[in-house]
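Below you'll find the structure, written out as structure tokens, and then a few comments.
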Amino acid sequence: MNILNNINNINYINNINSSDYSADKSLRNTENNVANFNTFSKNAKKQNYPQTIAQKILAFHSGNSYLKAGQLVNAKVDIVLGNDITMPLAIEEFKKIGIKEVFDKNKVVIVPDHFTPNKDIKSAQQCKFIREFAYQQEIKNYFEVGKMGIEHALLPEAGIVLPGQLIVGADSHTCTYGALGAAATGVGSTDLAVAMATGYTWFMVPDSIKFIYTGSLKPYVTGKDLILYTIGLIGVDGALYMSMEFTGPVIRSLSMDSRFTMCNMAIEAGGKFGIIEVDDITRAYLKNKTDEKYNVFYADDDAEYYKTYEINCDKINLQVALPHLPSNTQDAKNLKGIKIDQVVIGSCTNGRIEDMKIAAEIFKNKKVNSKVRAIIIPATQNVYLDALKKGYLEIFIESGCVVSTPTCGPCLGGHMGILAEGEKAISTTNRNFVGRMGHPKSEVYLSGPAVAAASAIMGRIAVPEEVM
Amino acid sequence: MLKNNYFISKDNKNNNVQKHGKDKKRSVNIIKDRVIKYGDNVDTDVIIPARYLNTTNEIELANHCFEDLDKDFKKKIEKAKIIVAGYNFGCGSSREHAPIAIKASGVKIIIAKTFARIFFRNAINIGLLVIPSIESANQINEFDELEIDLGNGIIKNVTQSKTYQINPVPDFIQQIISSGGYINYTRKILQVT
């Protein structure tokens, strides 16, 4: 594959040496190399350039010791991801490049999760197309239905995405992996095609915004409420092109599942990355998931941020985003007059075991309102099995919920719960744009699992206190 | 911190916008057409609803472009092939089907106050011209006639007799556009024959 050496010929405005992936060993704090991770010390000695996590990860992957916001770099990527919607286009583009093999069959990940199990003939054709490509290219991480889960829940669970990595995925919610201290972002199919062919892609180094969460969480408040509240605060383009760093005492004690939820929705504020520093909770999560060595990057104390927000969680109530923007947030308790037809609990945002647990606690010994369809979608086979073993699925079914195999399905109006004209759904998914879950005149209200479950029981938007 | 650059228009009239088009040899055709105008946060779900993502056929995609946002789009596009919009154009999903549907509909260029980043990359990558410009997007009205001179970085509003300056396009982005998209550019870099 000598041809790939030519990728270094790219002439950037800020010409960057991208020849050696791990050239700058001076950044490494060798004292910490005894563990199975490298730590890049805060305020690395012998250099006076304080940096954010985003700057450090992009610098590391482009063979630089320092990058400033606004620079364009060509960077080596660790994982390249596509799904059944974006991969068919990417394969068509990949073939046009004229390279026969992907840059690394162990680093290209393919997850048919959106319209699967195949919802119609066209979707089946698309899946067949990517399946044949996966077999022909001997892609190690191709997940067939049965092993498949919603990609952004599946990849962390499978130990494929790790701290310090630079990850691109042709799915906007690829930013989810920032919860592991990685720089992960969504790209389109052409970017995916080029990254699959070369292992590189271009980035503009983003500014970063720091969000410091203080105080303590009210009952049933999870990462979903924190991120909805934050998007409500800054708007759907409040972090446009930027890296959102979530930190503070509340984050330090937040569960991994809630951290994934927060980073997952960074894109809903326009963000490029949503990043949470690695800590003991991250390390505990990664234990038994990987034997691979990973890199840990910390933000320097004096790194330059575009803005810093301090958010007092004492004041954050359970949140709902009203149609048709995720920033259109209000306290759930103020919306009790809104009747709903459907509830969806699942997706790459809230389909993890913590979400299943919260929903099960609320549905236990209660019935779904007779005028409501409640659809529960564990995000992966493991979550499904775990929920089964813990008795959650039994609770769901006895209360009158539908439990589906993992799929993105209704979140993007694909299948498994499409809304008719005039219908309203409350959903733990991530977008409430016009027509997102079905008819252009239907409405989606976004919430966390507690509000969604309580609403299913009440037949209108409700808070858990009303049903517990 | 990021200064006013091609990616982000900060609408600061006192900024030092580099004089564009020093390299006069780089001649790009002037685009002359009328405007279809939309507001803020035009998302990828209204550009091309997910229910049509079971195909990659650009004609089929173009058929449903903007159908949940503007049912008159197909009529308008016959006489107006420039889209001017507000903040955060193309927010939402990473679906490249969105810029493909717009391009295949016949749209020549999109001017918006800001673009969502994935849409922006996708548009450049497939060779759909995109210009972030707060000033012009504020002033241009629907069906205004524009003359856009990319080589010299100028948008001329013929209807209103006004001109607006465009932020310079980075060389690297210009190379992608002049190669006819990111795939052709990559072929050139890799010297694939």
Side-chain angles (χ1 to χ4, degrees), chain A residues 3-4 6-7 9-13 69-70 72 85-86 88-89 92-93 96-99 114-115 119-120 122-123 125-126 169-172 174 185-191 193-194 197-198 202 204 207 236-237 240-241 267 270 272 304 306 325 412-414 418 431 433-436 438 440, chain B residues 1-3 5-8 40-41 43-46 49-56 60 67-69 87-88 91-100 113-126 170-173 175-176 181-193:
Chain A
I3 204 167
L4 287 185
N6 292 329
I7 200 74
N9 295 345
I10 292 181
N11 181 23
Y12 289 91
I13 331 175
L72 289 174
I85 303 290
T86 56
L89 259 179
E92 287 169 18
E93 297 305 305
K96 287 180 197 164
I97 297 172
I99 283 186
H114 277 58
F115 290 168
K119 79 175 180 101
D120 54 24
K122 279 182 170 179
S123 305
Q125 292 294 134
Q126 301 229 81
D171 187 278
S172 61
T174 301
T185 194
V187 295
S189 294
T190 299
D191 273 323
V194 174
T198 66
W202 65 275
M204 183 178 69
D207 272 326
V236 287
D237 58 354
L240 193 62
Y241 298 97
I267 179 68
K272 180 179 216 150
E304 204 182 349
Y306 180 79
L325 286 175
L412 76 162
I418 304 303
R431 291 193 176 124
F433 299 149
V434 170
R436 175 72 180 179
Chain B
M1 294 295 105
L2 268 179
K3 298 272 159 41
N5 69 12
Y6 174 60
F7 297 87
I8 298 167
D40 295 339
N41 303 315
D43 63 73
T44 52
D45 279 287
V46 294
R51 56 186 180 271
Y52 304 120
L53 296 184
N54 53 9
T55 178
T56 57
E60 268 183 76
E67 77 173 29
D68 290 352
L69 177 73
Y87 291 101
N88 206 22
C91 62
S93 134
S94 68
R95 63 189 73 156
E96 204 159 291
H97 313 66
I100 290 172
K113 290 181 187 173
T114 55
F115 288 90
R117 59 164 286 276
I118 306 176
F119 180 90
F120 192 66
R121 280 182 82 111
N122 288 348
I124 292 167
N125 286 345
I126 66 159
D171 280 350
F172 166 60
I173 305 296
Q175 285 172 34
I176 292 181
Y182 196 28
I183 293 296
N184 287 339
Y185 173 79
T186 304
R187 284 176 59 89
K188 240 190 250 179
I189 295 293
L190 298 179
Q191 296 169 356
V192 181
T193 47

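A quick note: this is a predicted structure, and the numbers were derived from the prediction, not measured.
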Counting C-beta onward and ignoring hydrogens, is there a side-chain heavy-atom pair between [X] and [Y] closer than 4.5 Å?
X         : Y         : answer
Lys122(A) : Glu60(B)  : yes
Pro49(B)  : Arg436(A) : no
Asp191(A) : Glu96(B)  : no
Phe115(B) : Asp237(A) : no
Leu53(B)  : Gln126(A) : no
Val46(B)  : Phe433(A) : no
Val236(A) : Cys91(B)  : no
Leu240(A) : Phe120(B) : no

Are the side chain of Arg187(B) and the backbone N or O of Ile97(A) linked by a donor-acceptor pair below 3.5 Å?
->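 Answer holds: yes.
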Examine distances only and state if a side-chain atom of Asn122(B) and a backbone atom of Gly188(A) form a donor-acceptor pair shorter than 3.5 Å.
->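 Confirmed, Asn122(B) side chain pairs with Gly188(A) backbone.
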When you look at Thr186(B) and Ile99(A), which way does the side chain to side chain contact (heavy atoms under 4.5 Å, CB included) test go after all the steps?
-> CA-CA 11 Å; Thr186(B) 304; Ile99(A) 283 186; over 6 Å; no
Rounded to the nearest 0.5 Å, what separates atom [atom1] in [X] from atom [atom2] in [Y]?
X         : Y         : atom1 : atom2 : value
Ser93(B)  : Ile85(A)  : OG    : CD1   : 8.5 Å
Ser172(A) : Ile118(B) : OG    : CD1   : 5.0 Å
Ser189(A) : His97(B)  : OG    : NE2   : 6.0 Å
Glu93(A)  : Thr56(B)  : CD    : OG1   : 9.5 Å
Asp45(B)  : Leu412(A) : CG    : CG    : 7.0 Å

Checked Lys188(B), Glu67(B), Arg121(B), Arg51(B) vs chain A; the most non-hydrogen pairs under 4.5 Å come from Arg121(B)
Proximity breakdown for Leu69(B) and chain A, heavy-atom pairs closer than 4.5 Å = neither
Can you sort out the partners of Lys119(A) under salt bridge (Lys or Arg N to Asp or Glu O under 4.0 Å), two or more places apart, ordered by chain and number?
->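 Lys119(A) satisfies salt bridge (Lys or Arg N to Asp or Glu O under 4.0 Å) with no other residue.
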With no hydrogens and no angle check, do the side chains of Thr185(A) and Arg117(B) hold a donor and an acceptor under 3.5 Å apart?
-> yes
With a 4.5 angstrom heavy-atom cut-off, is it the side chain or the backbone of [X] that approaches chain B, or both, or neither?
X         : value
Glu92(A)  : side chain
Leu325(A) : side chain
Ile267(A) : side chain

Picking from Thr174(A), Val434(A), Val187(A), which has the most non-hydrogen pairs under 4.5 angstrom with chain B?
->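 Heavy-atom pairs under 4.5 Å are most numerous for Val187(A).
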Closest heavy-atom pair, Asp68(B) versus Gly435(A), reported as atoms and distance to 0.1 Å, is OD2-CA, 4.4 Å
